[in-house]
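Structure first, commentary second.
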Amino acid sequence: KTMEQKIALFLQMSIIMLFGLTSSSAFVPNQHYQASTSGWLVRTYEFVSQSERNGQALHMAKKKKESFAEKQRRRAERRLRQTSAPPVPADLKKFDKKEEDTSAADAGTAVMVDAVKGEDEKATIQRAKEVIEAQRESVKMLTHVRECVEGLPYDEIRTALDLEGYYVVDNFLRDEVLLSRLEQEGCAMLESDQMELDVQNIGTGEYVTSIKGGEEQYSLCPRTVELVVSVSKHMPPLVQGDIELDNSVTMATMRTFDRKKLLASMALLTGNVDETDVQNLPPRSFGVVVDSNEPNESRKVTLYYYALPKEWDESCGAGTIFQKDEDGEENVPVEAKRDRLVILKSDTCIHSKDSWKGKDVVEVGTCMELHLVSKSLV
């Protein structure tokens, strides 16, 4: 044996005798080599008593059984340590499929959002343009009506009202585009069920509604509402006589005639209707708009404005007959005519309304009825 082996054996025997290890003890090599301070390579041994070895065995027996998940995790860790991924070239970009799909989806969503935003902006701009245009049309209408009202010959009108009780203005608005719009609004109000059957004239095909404005009504007949507003504001101070009229309050009604409803009513009553029957419809009885003896009656001046089709003529009816004498020999008929304004005294002018008749090519017509009221009774 070499000298190193002899020294190692001597040390082992000395340690055994020093600690008094018996046969129940054993020494186990640690399988590690350590460098001694003197530079010798010494193989050390770990001495473990038999009782300690038995205790370790008992501890190992009592150890909790490893779960399946823990085994999988431990095996995955071991494989991870044993596997090393090859390096990725610097000029090669890796993409995760899910990340790639997500990025594409996000990009698509962004495009869609931008498109929606673009559409919203376009819609907002278009709506703003429509509002501005509507405001311009409204101002234009109000201004035009005011100019038409202020351009009337009021000295002549007041004189005629005092002497005759009425006055007729032809070509009041003098705007064909506007006249067509007013005509269309009368039809729209009738077709949208915004008008009611005139219970005072049942079976005549006439429908009425109050012009009060408001969002719903204005959306259907904006020019009609503006006509009423402007006339109500600017005409009273000019047409009033001894009684001061209020330019902030007006009673206004839209009257629209439907020839089909007239024919249906006549057929229901007689069973058979032809054009002769329609043309022979008599005018209504004479009278005044309001009774002057009514203590709380405030209507003083009445206006009839006809928004009729161009084809409407005398045979279509709806005119006004002014009474000159009780015998009716000198009565003055004033036919309903497109863009005609009739002004009369509500409580003193005796007149009669001709029946609405229309004809095959003209089945719908509209008349606005405005009542200017006294200021003292409002």
Side-chain angles (χ1 to χ4, degrees), residues 165-166 168-170 182-183 185-187 189-191 195-211 251-291 299 302-346 349-371:
Y166 70 93
V168 179
V169 178
D170 285 328
L182 292 172
E183 179 186 344
E185 290 180 355
C187 296
M189 290 290 288
L190 182 63
E191 292 172 356
M195 308 187 75
E196 298 178 352
L197 182 68
D198 184 3
V199 295
Q200 296 181 348
N201 298 287
I202 296 178
T204 62
E206 298 175 46
Y207 293 80
V208 295
T209 186
S210 297
I211 303 299
M251 301 172 64
T253 300
M254 173 187 283
R255 181 181 299 274
T256 298
F257 165 74
D258 188 343
R259 177 179 167 86
K260 291 181 179 180
K261 297 295 178 63
L262 169 65
L263 297 178
S265 298
M266 294 178 67
L268 184 63
L269 294 175
T270 62
N272 186 22
V273 179
D274 56 30
E275 188 60 30
T276 302
D277 296 327
V278 176
Q279 291 300 321
N280 289 334
L281 288 173
R284 293 160 193 171
S285 58
F286 284 92
V288 292
V289 175
V290 296
D291 187 353
R299 288 174 287 180
T302 296
L303 312 174
Y304 295 137
Y305 177 74
Y306 295 98
L308 300 170
K310 295 179 181 180
E311 299 80 6
W312 196 279
D313 54 28
E314 186 176 3
S315 65
C316 297
T320 306
I321 304 170
F322 293 98
Q323 187 182 66
K324 287 295 184 179
D325 55 46
E326 294 182 359
D327 296 334
E329 295 180 357
E330 298 184 8
N331 291 342
V332 180
V334 176
E335 66 178 279
K337 188 178 180 179
R338 182 181 177 86
D339 199 24
R340 170 169 280 182
L341 175 66
V342 178
I343 307 172
L344 57 91
K345 281 193 170 182
S346 305
C349 182
I350 301 174
H351 65 285
S352 171
K353 297 295 294 181
D354 192 10
S355 298
W356 291 74
K357 304 170 185 177
K359 54 185 179 181
D360 291 339
V361 296
V362 184
E363 295 185 333
V364 179
T366 298
C367 176
M368 258 72 76
E369 302 173 2
L370 284 73
H371 304 282

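Numbering of residues begins at 1 and proceeds along the displayed sequence. Keep in mind it's a predicted model, so treat the numbers as computed, not measured.
No donor-acceptor distance shorter than 3.5 angstrom exists from the side chain of Thr253 to the backbone of Glu369, with no hydrogens or angles considered. Between the side chain of Lys357 and the backbone N or O of Gln279, at least one donor-acceptor pair lies under 3.5 Å.
Geometrically, Lys353 engages Tyr304 in a cation-pi contact defined by less than 6.0 Å to the ring centre and at most 45° from the axis.
One finds the CG atom of Leu190 at 5.5 Å from the CG atom of Asp258 (value rounded to the nearest 0.5 Å). Between the NZ atom in Lys324 and the CD atom in Glu330 there is a gap of 8.5 Å [rounded to 0.5 Å]. Considering OG1 of Thr366 and CG of Leu308, their distance stands at 7.5 Å, rounded to 0.5 Å. Rounded to the nearest 0.5 Å, atoms NE2 (His351) and CG (Asp354) are 12.0 Å apart. Going from atom OG1 of Thr209 over to atom CG of Asp198 covers 11.5 Å, rounded to the nearest 0.5 Å.
When the options Leu344, Thr302, Ile343 are evaluated for a side chain to side chain contact (heavy atoms under 4.5 Å, CB included) with Tyr166, the one that passes is Leu344.
Nearest heavy-atom pair across Pro282 and Ser355 is O-OG, 2.6 Å. Here the closest non-hydrogen pair linking Val273 and Ala267 is CG2-N, 3.3 Å. Between Ile211 and Met254, the closest heavy-atom pair is CD1-CB, 3.7 Å. Taking each heavy atom of Ala307 and Met368 in turn, the nearest pair found is CB-CE, 4.2 Å. Gly317 approaches Ala336 most closely through the heavy-atom pair O-CB, 3.6 Å.
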Fill in: Audit row: Glu206, Arg255, side chain to side chain contact (heavy atoms under 4.5 Å, CB included) steps and yes/no
CA-CA 7 Å; Glu206 298 175 46; Arg255 181 181 299 274; 2.9 Å; yes

Worksheet item: Arg340 and Val334: side chain to side chain contact (heavy atoms under 4.5 Å, CB included), yes or no, with the steps?
Response: CA-CA 10 Å; Arg340 170 169 280 182; Val334 176; 3.5 Å; yes

Item to complete: Please step through side chain to side chain contact (heavy atoms under 4.5 Å, CB included) for the pair Val208 and Thr256, ending with a clear verdict.
Response: CA-CA 6 Å; Val208 295; Thr256 298; over 6 Å; no

Discussion item. Could you go through Val278 and Arg259, starting from their C-alpha distance and side-chain angles, then the distance that decides it, and tell me whether this counts as side chain to side chain contact (heavy atoms under 4.5 Å, CB included)?
Written reply: CA-CA 10 Å; Val278 176; Arg259 177 179 167 86; 3.8 Å; yes

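Between Trp356 and Tyr306, the ring-plane angle classifies as tilted under the 30° and 60° cut-offs.
Counted by atom type alone, Asp277 and Asn280 present zero donor-acceptor pairs between their side chains at under 3.5 Å.
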